[in-house]
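Taking it in order: structure first as structure tokens, then the write-up.
Just so it is clear, the values below take in all heavy atoms, side chains as well, and ignore hydrogens, waters and symmetry mates.
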There are 2 protein chains.
Amino acid sequence: MNNKEKLRNAGLRPTKQRMIVADILLNGFNRHFTAENLQDEINSSGNSMSIATVYNCLKKFKNCGLIKQVETSKDTAIFDTNTDYHHHFLNEETGELIDIENEEISLRKLPEIPQGYINNGIEVIIKLKRHN
Amino acid sequence: MNNKEKLRNAGLRPTKQRMIVADILLNGFNRHFTAENLQDEINSSGNSMSIATVYNCLKKFKNCGLIKQVETSKDTAIFDTNTDYHHHFLNEETGELIDIENEEISLRKLPEIPQGYINNGIEVIIKLKRHN
DNA sequence: CAAGTAGTTTAGAACGGTTTTAAAGTAAAA
DNA sequence: TTTTACTTTAAAACCGTTCTAAACTACTTG
Ligand SMILES: [Mn+2]
Ligand SMILES: [Mn+2]
Ligand SMILES: [Zn+2]
Ligand SMILES: [Zn+2]
């Protein structure tokens with residue numbers, strides 16, 4: 001399936017801008033990135049895009065599941081092209097994230113979900129500190 | 001141990017402002033809160049404090065382990081008086097956090113920690129969605 | 001105790017990431 | 001083609017947080 005189809009399939013109009021973003025993000029190589037990272041890459045690919053459009057686009061892509069946002073308390077939002085269920089190592093000094101594939105981790109016991117709610121995804125973050 | 005001793009013990013000067021904050025936060029009842037939440041509570045206790053001082057104070061308390069900060073991608077930082085090792089349910093709609101005590105959850109398998117790093121804490125977040 | 005000094009508080013400005021505004025542009029529907 | 005809904009954009013606004021620099025206060029030393 002090409003990127004135009006992926007966008008259509010997701011219910012998004014394949015605009016010029018969304019295609020530029022899709023070409024960068026949906027190429028099969030996974031990555032963690034900020035809005036600014038992405039804009040820089042758009043610029044260095046010879047294109048350009050307003051930061052508002054970058055954010056609009058990321059929000060749309062996220063809402064239709066083409067990308068995810070990683071749960072971290074850093075002030076800048078970090079997005080993830082890996083939409084498989086997975087977890088992260090977080091180097092708190094640098095902010096760098098490393099994927100933990102789902103099969104590398106497993107839970108023995110889960111808490112009871114509060115009344116009226118359902119489990120909508122578990123995120124495990126293993127914080128790392130440099131050894132010595 | 002009273003609050004003045006707790007502060008001294010943590011290497012912090014027990015200033016008037018830190019005592020006000022300690023009286024609110026270190027009373028044995030755990031809570032999740034933002035800087036603004038805390039300032040409101042300071043105000044409604046008849047005291048007042050600049051927002052810069054609230055943030056300074058939270059940073060100091062956090063750095064010496066009197067409170068924690070929760071790992072969440074909300075734009076406003078959320079602090080936690082529960083300094084025991086524990087995890088959270090997160091209602092993504094409201095931002096509400098609920099503690100998961102350490103013994104309510106357990107990991108069967110952990111991934112290998114990358115070379116040169118050590119595990120500096122695991123955070124598990126179970127995202128909740130309202131059921132129907 | 002007094003004097004010195006290191007640390008703290010504060011109002012306000014600055015900052016940085018993100019969202020909003022409103023006008024112009026574009027894709028899809030009719 | 002005409003109309004309609006959606007999208008993009010520059011610029012401003014927003015909002016949580018940090019910085020600045022001056023006033024203040026807790027602690028140390030004599
Ligand atoms: Mn923030
Ligand atoms: Mn964040
Ligand atoms: Zn990832
Ligand atoms: Zn908690």
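A salt bridge links B:Glu41 with B:Arg31: the closest approach of a Lys/Arg side-chain nitrogen to an acidic carboxylate oxygen falls below 4.0 angstrom.
Side-chain proximity of B:Pro14 to the nucleotides D:dT17, D:dA26, D:dT9 is greatest for D:dA26. Of the candidate nucleotides D:dC27, C:dG17, C:dA28, C:dA28 has the atom nearest to the side chain of A:Arg13.
Of the possible polar contacts, none joining the B:Asp99 side chain to the B:Glu101 backbone as a donor-acceptor pair under 3.5 Å is found. At distances below 3.5 Å, not a single donor-acceptor pair connects side-chain atoms of B:Glu92 with backbone N or O atoms of B:Lys129.
Near DNA chain D, defined here as any heavy-atom distance below 4.0 Å, the residues from residues 17-26 of chain A are A:Gln17, A:Arg18, listed numerically.
Within 4.0 Å (heavy atoms only), B:Thr53 reaches at least one base atom of the nucleic acid.
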Heteroatom pairs (N/O) under 3.5 angstrom, protein to nucleotides 10-15 of chain D:
none

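Using modelled atom types, one finds no donor on one side chain facing an acceptor on the other under 3.5 Å when comparing B:His32 with B:Asn37. Under the 3.5 Å distance criterion, with hydrogens and angles disregarded, a donor-acceptor pair is assigned to the side chains of A:Asn3 and A:Asp23. Between the side chains of B:Asn30 and B:Thr81, at least one donor N or O lies within less than 3.5 Å of an accepting N or O.
Across the protein-nucleic acid pair, B:Lys62 atom NZ and D:dT17 atom P stand 11 Å apart, rounded to whole Å. One interatomic measurement links the two molecules: CD of A:Gln39 to P of C:dG17, which rounds to 12 Å at whole-angstrom precision. Atom CG in A:Leu58 sits roughly 15 Å away from atom P in D:dT7 (whole-Å rounding).
Other residues, nucleotides and ligands contribute at most 12 non-hydrogen atoms within 6.0 Å of the CD atom of A:Glu112.
Between A:Lys16 and B:Thr15, the residue whose closest nucleotide on DNA chain D is further toward the 5' end is A:Lys16. When each of B:Tyr55 and A:Lys60 is assigned the nucleotide of DNA chain D with its nearest heavy atom, A:Lys60 is the one assigned upstream, toward the 5' end.
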